[in-house]
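Keep in mind that the numbers below use all heavy atoms, side chains included, and drop hydrogens, waters and symmetry copies. All residue numbers refer to positions in the sequence shown, counting from 1. The structure presented is a predicted model; accordingly, all values stated were derived computationally and were not measured.
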Amino acid sequence: MHKTSSRLLALLSLLQMHRDWSGDDLAGRLDITSRTVRRDIDRLRELGYPITTVKGPAGGYRLEAGTRMPPLLFDDDQAVALAVALQTAAAGATVAEDASRALATLRQVMPPRLRHRVDLVRVTAVQPPAAPDTLQAGTQVLMDLSRVIHAREELRFDYSPSSSTPAGNPRRVQPHHLVTWRQRWYLVAWDLHREDWRTFRVERIRPRTPTGPRFAPRELPGGDVSTFITGRFRGNDGTATDWPCRGEVVLGLPAADVAPFAEDGIVEELGSRHCRLILGSWSWTALAAAIGRFDAQIEAVGPPQLATAFGDLAARYAHAARAPRPETGPAR
């Protein structure tokens, strides 16, 4: 019985590779006869797996999508990976309750050896602090957006400029992707009014019905959604992931004191009290301000725009230091 169960699991794993298999190929991979393959296919069908017979010279089999959920079979590593993913999702706000229920269901049917491994992995996904009026993307909105993206239909929706503004401006877009960036959901779409690519916060979207006509998808700048989103949030046009402004300085601090706070910057040790820092930002002023937060002597290496930004900030800070201060003493 154990040999038969192991063979069925191996057969199901092959069928889940989303390709057609001939009976002879399956028999060769599993080292069994074609007759045994046919019997095992029938057993899987009895368990609820929709396996169809493929017509052709050699015949074959294909695992199709079914109308109900059959028993799921995972190997040990897949089951642990799924449990860790559900723990991470349960720390969010959009599908937290569903993820927690799915994790409890999965754990209940696990054999003791796997349950012990999962219980050892306790993941705490820490969410960044949010403003008091910050809304979360609703599951229904995510499903609605996913449907129109898949159907390639134009979308009309009301878009609120902020979480605290209930009414928003109407938009008409060609939706392309749903993405997550730093614990927030965004819709990437071609804005038909502005004739440009835009990213919209999903929790501020209120879809309208009906949807518009179908459209042919445009090519996303940068070639893929990861490059586009990273580039847009770094202040460029989305065709590259580099910061538009990148400069180099020498700081009067040890490299070990700078590296933990340099994020994606490059830190090079120049001695016990100095280091070289190459850092990027969305503007030269922002880059100069980011470097200034290290509270150390700074030598600007280049480019010239960075030195100019340091000078502009110095003038602003000097003006702020000279500004009259309000009286803070008690009133007489």
Side-chain angles (χ1 to χ4, degrees), residues 65-67 69 85-86 88-102 125 127-241 244 282-283:
T67 58
M69 182 72 76
L86 288 172
T88 304
T94 301
V95 294
E97 182 180 352
D98 294 335
S100 297
R101 291 192 297 108
Q127 301 296 317
D133 61 345
T134 298
L135 300 177
Q136 297 294 333
T139 304
Q140 186 58 51
V141 175
L142 290 174
M143 294 302 300
D144 292 342
L145 296 180
S146 299
R147 188 196 66 77
V148 293
I149 291 172
H150 179 75
R152 297 176 179 175
E153 295 175 349
E154 290 183 6
L155 175 67
R156 299 181 306 122
F157 60 89
D158 294 320
Y159 190 68
S160 301
S162 66
S163 301
S164 59
T165 305
N169 301 319
R171 299 291 182 93
R172 188 167 67 93
V173 303
Q174 294 176 349
H176 281 258
H177 293 85
L178 273 176
V179 299
T180 57
W181 175 270
R182 296 185 177 179
Q183 289 78 46
R184 290 192 184 278
W185 286 93
Y186 293 89
L187 171 68
V188 178
W190 175 264
D191 193 309
L192 292 165
H193 295 295
R194 291 163 175 78
E195 296 186 348
D196 194 9
W197 291 97
R198 290 289 190 271
T199 57
F200 301 94
R201 293 257 294 269
V202 170
E203 76 273 14
R204 300 178 182 176
I205 292 176
R206 298 295 179 267
R208 292 186 176 188
T209 56
T211 55
R214 293 173 58 87
F215 63 90
R218 302 169 186 264
E219 183 177 355
L220 198 65
D224 62 80
V225 67
S226 178
T227 299
F228 174 78
I229 285 293
T230 302
R232 277 298 178 96
F233 280 107
R234 287 189 167 184
N236 63 45
D237 60 0
T239 59
T241 59
W282 58 274
S283 74

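When all heavy atoms of Trp185 and Glu203 are compared, the pair lying nearest together is O-OE1, 4.2 Å. For the pair Asp237 and Arg232, the tightest heavy-atom approach, listed with the atom from each and the gap, is O-NE, 3.4 Å. Of all non-hydrogen atoms in Pro175 and Ala189, the two that sit nearest each other are CA-CB, 3.8 Å. In terms of heavy-atom proximity, Leu155 sits nearest to Pro207 at CD1-CB, 4.4 Å. The shortest heavy-atom contact between Leu187 and Val202 is N-CG2, 3.9 Å. The shortest non-hydrogen separation linking Pro170 to Asp158 is CA-OD1, 3.8 Å.
With Arg172 contributing its side chain and His193 its backbone, the two residues share no donor-acceptor pair below 3.5 Å. Of the possible polar contacts, one joining the Arg156 side chain to the Thr209 backbone as a donor-acceptor pair under 3.5 Å is found.
Between the CZ atom of Phe215 and the CD atom of Glu153 there is a distance of 9.0 Å, given to the nearest 0.5 Å. Atom CE of residue Met143 and atom CG of residue Leu178 lie 10.5 Å apart, to the nearest 0.5 angstrom. Between the OG1 atom in Thr241 and the CD1 atom in Ile229 there is a gap of 13.0 Å [rounded to 0.5 Å]. Between Trp190 atom CH2 and Asp196 atom CG the span is 5.5 Å, to the nearest 0.5 Å. Note: Arg218 CZ to Leu220 CG = 11.5 Å, rounded to the nearest 0.5 Å.
The 12-atom threshold is exceeded at CH2 of Trp181, counting heavy atoms of other residues, nucleotides or ligands nearer than 6.0 Å.
Ring geometry for His176 against Trp197 counts as perpendicular: the plane angle is over 60°, on a 0 to 90° scale with 30° as the lower cut.
Checking each of Arg198, Arg204, Arg206 against Tyr159 for a side-chain contact (heavy atoms from CB on, under 4.5 Å) leaves exactly one that passes, namely Arg204.
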Quick one: do Phe157 and Phe200 satisfy side-chain contact (heavy atoms from CB on, under 4.5 Å)? Show the steps, please. CA-CA 11 Å; Phe157 60 89; Phe200 301 94; 4.0 Å; yes
